[in-house]
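Structure first, commentary second.
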Amino acid sequence: MSPRKAPDAGRRSDRSRRAIYDAALALVGENGYRRTTIEGIAARAGVGKQTIYRWWPSKAAVLMEAFLDLAARAAEQAAPEGGADDRAGGEYGIPDTGDLAADLKSVLRATVDELNDPLMEAPTRALTAEGIVDAKLGAEFVEKLLDPQLALYVTRLRAAQEAGHLRADADPRTALELLIAPLTHRWLLRTLPLTHAYADTIVDYALGGLAPRP
């Protein structure tokens, strides 16, 4: 009689963790942050709530990690074919083809696709809304998710300055807000459709300005 193979605890843990991520994101999108509970996440994931408490100290921690994982997967899918951009130090970064406008349009189009993706949209809206009233959660959302993404823009804009493609006296942190804020405003308030054409126009306006050209 052949010996029974021992269960792979690591694989089981990964499967449970993925189920918890998916359950947390689904519930916060369906019910909102406040009405999402550890018990609900456990029931949807098919695990005991003790499992969740063993891995995370709070509901906020579960949701934040689940969302970071979702964002990481989205970034991997958006990365150039063949893996991460080597010029970004082995990490995903905004492409640097030498054409600043084209590179920014590419990344803003990808952002439009993420914000319009139902899998991303519902939990992003729920966490964004809760972060406005819960200062601690909002600060964690900015620190762990937004700041690392904004740093990619700063890196690309500084490279453009060094190449002479952007004004030397421009502040990259302020400049990136000219690109991201319009997308966020239209998406958050649903004022008009969020499209690739709109993303391209933002880049054209930000880089070219609105004043008449001589």
Side-chain angles (χ1 to χ4, degrees), residues 10-79 91-92 107-153 176-177 179-195 198-199:
R11 179 175 297 177
R12 186 170 63 237
S13 294
D14 287 342
R15 187 164 55 245
S16 296
R17 190 178 295 271
R18 174 65 55 206
I20 291 167
Y21 287 164
D22 292 343
L25 293 171
L27 287 173
V28 78
E30 294 168 10
N31 304 327
Y33 178 83
R34 303 241 172 153
R35 293 171 59 191
T36 298
T37 65
I38 291 291
E39 290 76 12
I41 294 171
R44 175 71 69 94
V47 302
K49 66 179 182 180
Q50 297 84 359
T51 298
I52 296 179
Y53 282 120
R54 185 167 64 248
W55 289 340
W56 296 279
S58 65
K59 173 182 72 175
V62 178
L63 288 166
M64 187 61 62
E65 188 172 311
F67 197 84
L68 290 170
D69 176 75
L70 179 63
R73 283 184 284 154
E76 287 176 3
Q77 292 176 357
E91 300 178 354
Y92 174 69
V107 75
L108 286 192
R109 284 183 171 213
T111 302
V112 165
D113 291 341
E114 287 182 14
L115 293 175
N116 285 332
D117 182 349
L119 186 64
M120 291 281 291
E121 182 179 16
T124 303
R125 285 189 181 280
L127 287 175
T128 299
E130 186 62 25
I132 293 173
V133 296
D134 184 335
K136 183 178 179 181
L137 181 67
E140 187 175 6
F141 190 78
V142 170
E143 177 188 357
K144 293 184 176 180
L145 182 69
L146 293 184
D147 279 347
Q149 294 180 350
L150 297 181
L152 300 178
Y153 282 88
L176 70 85
E177 292 178 354
L179 300 165
I180 294 177
L183 282 185
T184 305
H185 178 273
R186 182 172 286 201
W187 171 79
L188 192 60
L189 300 182
R190 296 187 175 100
T191 54
L192 288 169
L194 196 61
T195 64
Y198 179 61

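For the numbers below, each heavy atom of this structure counts, side chains included, while hydrogens, waters and symmetry mates do not.
Annotation for Gly32 and Ala126: closest pair CA-CB, 4.5 Å, computed over non-hydrogen atoms. A pairwise comparison of heavy atoms in Gly48 and Ala42 identifies C-CB, 4.0 Å as the closest pair. Ala23 approaches Ile41 most closely through the heavy-atom pair CB-O, 3.6 Å. Residues Val62 and Ile20 share a closest heavy-atom pair of CG1-CG2, 3.9 Å. The shortest heavy-atom contact between Asn116 and Glu121 is O-OE1, 4.5 Å. Among all heavy-atom pairs drawn from Ala19 and Ala45, the shortest one is O-CB, 3.6 Å.
Counting only heavy atoms from C-beta outward, the side chains of Glu130 and Thr36 never approach each other to under 4.5 Å.
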Worked verdict on Thr124 versus Phe67 for side-chain contact (heavy atoms from CB on, under 4.5 Å):
CA-CA 8 Å; Thr124 303; Phe67 197 84; 3.0 Å; yes

Start with the C-alpha distance between Tyr153 and Glu177, add both sets of side-chain angles, then the distance that settles side-chain contact (heavy atoms from CB on, under 4.5 Å), and finish with yes or no.
CA-CA 10 Å; Tyr153 282 88; Glu177 292 178 354; over 6 Å; no

Before giving the answer on side-chain contact (heavy atoms from CB on, under 4.5 Å), spell out for Val112 and Thr195 the whole-Å C-alpha distance, their side-chain angles and the decisive distance to 0.1 Å.
CA-CA 6 Å; Val112 165; Thr195 64; 5.6 Å; no

Verdict with reasoning, Leu150 to Ile180, per side-chain contact (heavy atoms from CB on, under 4.5 Å)
CA-CA 9 Å; Leu150 297 181; Ile180 294 177; 3.3 Å; yes

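Here the straight-line distance linking atom OG1 of Thr128 with atom CZ of Arg125 works out to 8.5 Å at 0.5 Å rounding. Separating the CZ atom in Arg186 from the OH atom in Tyr198 is a distance of 4.5 Å, to the nearest 0.5 Å. In this structure, CG on Leu68 lies 11.0 Å from CG on Leu63, to the nearest 0.5 angstrom. Remark: Met64 CE to Glu140 CD distance equals 4.5 Å, nearest 0.5 Å. Rounding to the nearest 0.5 angstrom, the gap separating the CG atom in Leu192 from the NE2 atom in His185 is 10.0 Å. Atoms CD1 and CG, from Ile132 and Leu137 in turn, are 11.0 Å apart once rounded to the nearest 0.5 Å.
For Asp69, the salt bridge (charged side-chain N to carboxylate O under 4.0 Å, His left out) partners at least two apart in sequence or on another chain are Arg18, Arg73. Partners of Trp187 according to the side-chain hydrogen bond (donor to acceptor under 3.5 Å, both in side chains) rule, which considers only residues two or more places apart in sequence or in another chain, do not exist here.
Pairs of residues two or more places apart, or lying in two chains, that qualify as side chain to side chain donor-acceptor pair (under 3.5 Å) and include a residue from residues 38-54 are Glu30-Arg44.
A donor-acceptor pair is defined here as one N or O able to donate and one able to accept, closer than 3.5 Å; such a pair exists between the side chain of Lys59 and the backbone of Tyr33.
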